[in-house]
Amino acid sequence: MGTVSLLKCYRPFFSTLFPRSAPSTPHAAIFRTKNPQSFCTGSSPPLTAVKECGESDAEGLTLKKSALEVWLHNTMSKTKQLFKPKVESKVGMYVCGVTAYDLSHIGHARVYINFDLLYRYFKHLGFEVCYVRNFTDVDDKIIARAKELGEDPISLSQRYCEEFCRDMITLNCLPPSVEPKVSEHMPQIIDMIEKILNNGYAYIVDGDVYFHVEKFPEYGKLSSRDLEDNRAGERVAVDTRKKNPADFALWKSAKPGEPFWESPWGPGRPGWHIECSAMSAVYLGYSFDIHGGGIDLVFPHHENEIAQSCAACKKSDISIWMHNGFVTIDSVKMSKSLGNFFTIRQVIDIYHPLALRYFLMSAHYRSPVNYSNIQLESASDRIFYIYETLHECESFLNQHDQTIRKDSTPPDTLNIIDKFHDVFLTSMSDDLHTPVVLAGMSDPLKSINDLLHTRKGKKQQFRIESLAALEKSIGDVLTVLGLMPASYSEVLQQLKEKALKRANLTEEKVLQKIEERAAARIEKEYAKSDAIRKDLAILGITLMDSPNGTTWRPTIPLPLQELL
């Protein structure tokens, strides 16, 4: 069979972006976007429809971005290193996507929120970014699930690709530049396997093609494993026909009832690892800036990718390999295979998507993060405070003349803003240290509350100018972090609705309790009044008294507060 040779031995990444249409979703309008972009439907378009890739829409913070040095941890070198793009002002980034056979869990959410954050930050700094994130839609797990459901494997995978895209919209992840699928890149995959065979790094056994790891002396350099310690790979059963137990499949001969494609070695389908090597080469070349994924991909997947790519092209070179830590439950890795996972849908059914995003950014991306109700409640409580403060500020500014004179913001306010921006840029440029950024938001938020509510703040000269500047500085950072909602009032209402659902209450029931408490206070039944307040607090509802009456807001349930 003749194959189409699309893989060059070396070239910089494409400056191409493929148009896509967005799936219908009720969450699509949750977030503010200055330059809205469409999301894919899980399908790569033909290679003929192209436009400029990764057009930068960086706006907002105006500190000396061009002078910043970005340092990223490289799994290969085991150290942080200065990021130096292979092509000036451009970034080529490939992140291994999901195997689409089920709904995605929050371990997946952490991976793609992390690299969405990196994507956003590079764009903010003014880089043109070509971000490639694939779909594996041909795989043993997909075939097994399709048999279980009596469904066509490609149709099943397509459905879960679309569900994944909806989850990413809900979590406010920007669309990658390209989302290629394995099933649409068979000629390129076959072409790469031929190159590996021709270069002497693979062998054929009964229609199967295996990579011969002993031919690649550097095998194990990413994972720091010796060859004798390596195993065949998580998705490959040990085959006695292999020359070395660690050899892995590049091509699998067809089995009855399974999807297959024609190849020079007979009908079959690709192995798991070759897919990403081929697709990254198609869109970014063999030499590009960043290759990423979860830490569980270091071995065997990324180790095998390195071997394959180098076997196909000696000039193959990835500058930085980035991997995020696990999401754990009771300190055990969350995974579908262990059955101890929560899907994204399950979590956002009772917690706001932005609370989940905030929670996953509250620990450094390389550290494990332990999922618990306490952590999600704390994240929900924190973002409610952030959005409530900004909503009150926005409402106040809307009621007052915002004609701001140049250089009229007081020095004290400018110092707070400058310090916050310095923390943001310094921390993000230091291997995406998001916990420091989130903590750094406290001072400008406190300043807004002081200006709105304290006697001293209300008397401050240039109060309106200070509030406007503080709100903008926080909003700019929230935008880069992917935490900016479409409307503060809407997100606050959504957070209240989620809290009511967790408490198994309705707003009408809460208002009824507020009335009962007010009546008890009038009758001087203070024990009853306190009991009503405490009962609601146990459920995560706090009451706030003011001269204008009593209102409520979500809070961390009292029993969980006692565990903090």
* Structure fact -> Given the options F211, F216, F299, F248 meets ring pair (Phe, Tyr, Trp, His ring centres under 6.0 Å) only with F211
* Taking NZ, NE, NH1 and NH2 as the nitrogens, is one of them in K80 or D430 under 4.0 Å from a carboxylate oxygen of the other? -> yes
* Donor-acceptor under 3.5 Å (S427 side chain, F424 main chain) -> no
* Asked: Counting only N and O atoms by type, is there a donor-acceptor contact under 3.5 Å from the side chain of Q308 to the main-chain atoms of S277?
  -> no
* **Donor-acceptor contact below 3.5 Å, side chain N74 vs main chain I320** => no
* Do any N or O atoms from the side chain of R133 and from the backbone of P176 form a donor-acceptor pair under 3.5 angstrom? -> no
* Asked: Does any N or O in the side chain of R110 come within less than 3.5 Å of the main-chain N or O of G294, such that one atom is a donor and the other an acceptor?
  -> no
* CA sep, side-chain torsions, deciding dist, call: V209, I274, side-chain contact (heavy atoms from CB on, under 4.5 Å) -> CA-CA 11 Å; V209 182; I274 192 66; over 6 Å; no
* Structure fact -> Residues P270 and V182: closest non-hydrogen pair is CG-CG1, 4.0 Å
* Start with the C-alpha distance between Y371 and T328, add both sets of side-chain angles, then the distance that settles side-chain contact (heavy atoms from CB on, under 4.5 Å), and finish with yes or no. => CA-CA 6 Å; Y371 175 89; T328 60; over 6 Å; no
* Structure fact -> Heavy-atom closest pair (L68 atom, S429 atom, distance to 0.1 Å) is CD1-OG, 3.8 Å
* Structure fact -> Here the gap from E69 atom CD to F83 atom CZ, rounded to the nearest 0.5 Å, amounts to 12.5 Å
* Asked: Which heavy-atom pair separates L354 from G482 by the least distance, and what is that distance?
  -> CD2-O, 3.8 Å
* **Lys/Arg-Asp/Glu bridge criterion (N-O < 4.0 Å) met for K252, E258** => no
* What are the two closest heavy atoms between L171 and A109, and how far apart are they? -> CD1-CB, 3.7 Å
* Does any non-hydrogen side-chain atom of K215 lie less than 4.5 Å from one of N199? -> no
* To do: Hey, could you give me the OG/NZ distance between S319 and K86, rounded to the nearest 0.5 Å?
  => 3.5 Å
* **Name of the residue among H291, H302, H73 meeting ring pair (Phe, Tyr, Trp, His ring centres under 6.0 Å) with H323** => H302
* Consider only side-chain N and O atoms of Y112 and D167, and report whether a donor and an acceptor are under 3.5 Å apart. => no
* Proximity of F164 and F135 rings by center, below 6.0 Å -> yes
* Asked: Are side-chain N/O atoms of Y210 and N244 paired as donor and acceptor at under 3.5 Å?
  -> no
* Heavy-atom pair of closest approach, residues V491 and H352 -> CG2-NE2, 3.5 Å
* **Residues E218 and K221 bridged, charged N to O under 4.0 Å** => yes
* Asked: Stepwise, does the side-chain contact (heavy atoms from CB on, under 4.5 Å) test hold for W251 with I190?
  -> CA-CA 8 Å; W251 187 260; I190 291 169; 3.9 Å; yes
* Intermediate values then yes/no, side-chain contact (heavy atoms from CB on, under 4.5 Å), I344 and R166 -> CA-CA 11 Å; I344 295 169; R166 291 186 175 93; over 6 Å; no
* Asked: Do Y286 and K315 come close enough that some side-chain heavy atom pair is under 4.5 Å?
  -> no
* Roughly how far, to the nearest 0.5 Å, is the NE2 atom of H364 from the NE2 atom of H433? -> 5.0 Å
* To do: Take atom CD of E148 as the centre, draw a 6.0 Å sphere, and report whether it contains more than 12 heavy atoms from other residues, nucleotides or ligands.
  => yes
* To do: To the nearest 0.5 angstrom, please state how far the CE atom of M168 sits from the OG atom of S104.
  => 6.0 Å
* Asked: Under 30°, 30 to 60°, or over 60°: which ring-plane class applies to H301 and W272, parallel, tilted or perpendicular?
  -> parallel
* Taking 4.0 angstrom as the limit, do R120 and D116 come out as a salt bridge? -> yes
* To do: Indicate yes or no for a side-chain donor-acceptor contact from R357 to the backbone of N172 under 3.5 Å, with no hydrogens or angles considered.
  => yes
* **A146 backbone acceptor or donor facing E151 side chain under 3.5 Å** => no
* **Option among D431, N324, L432 that satisfies the side-chain contact (heavy atoms from CB on, under 4.5 Å) test with R366** => D431
* Taking side chain as C-beta onward, heavy atoms only, is Y131 less than 4.5 Å from E179? -> no
* **Student check: side-chain heavy atoms of L438 and L481 closer than 4.5 Å** => yes
* Any side-chain donor paired with an acceptor under 3.5 Å for N134 and Y94? -> yes
* Asked: Do Y283 and H185 pass the side chain to side chain donor-acceptor pair (under 3.5 Å) test, and can you show the C-alpha distance, the side-chain angles, and the key distance before you say yes or no?
  -> CA-CA 11 Å; Y283 295 100; H185 291 76; 2.6 Å; yes
* Asked: When you check the gap from the basic side-chain N to the acidic O, do R159 and D152 get nearer than 4.0 Å?
  -> no
* **Exam field: side chain T75 to backbone W321, donor-acceptor pair closer than 3.5 Å** => yes
* Value rounded to 0.5 Å, distance of CG in L297 from NE2 in H273 -> 10.0 Å
* Asked: In Å and rounded to the nearest 0.5 Å, what is the CZ to CD1 distance from F341 to I106?
  -> 11.0 Å
* Asked: Do I318 and L222 have side chains that get closer than 4.5 Å, going by heavy atoms?
  -> no
* Asked: Checking salt bridge (Lys or Arg N to Asp or Glu O under 4.0 Å) for the pair R269/D140: CA distance, chi angles, key distance, verdict?
  -> CA-CA 10 Å; R269 56 188 170 87; D140 293 340; 2.6 Å; yes
* To do: Could you tell me whether a side-chain N or O of T434 sits under 3.5 Å from a main-chain N or O of M361, the two making a donor and an acceptor?
  => yes
* Do L250 and L197 have side-chain heavy atoms sitting under 4.5 Å apart? -> no
* Asked: If you take all heavy atoms of Q188 and E184, which pair is closest and at what distance?
  -> OE1-O, 4.4 Å
* Which of parallel (below 30°), tilted (30 to 60°) and perpendicular (above 60°) describes F122 and F127? -> perpendicular
* Asked: Do side-chain atoms of K498 reach the backbone of I348 as a donor and acceptor pair under 3.5 angstrom?
  -> yes
* Asked: Does the side chain of V132 come within less than 4.5 Å of M279's, by heavy atoms?
  -> no
* Within-4.5 Å side-chain heavy-atom neighbours: L425 and Y121 -> yes
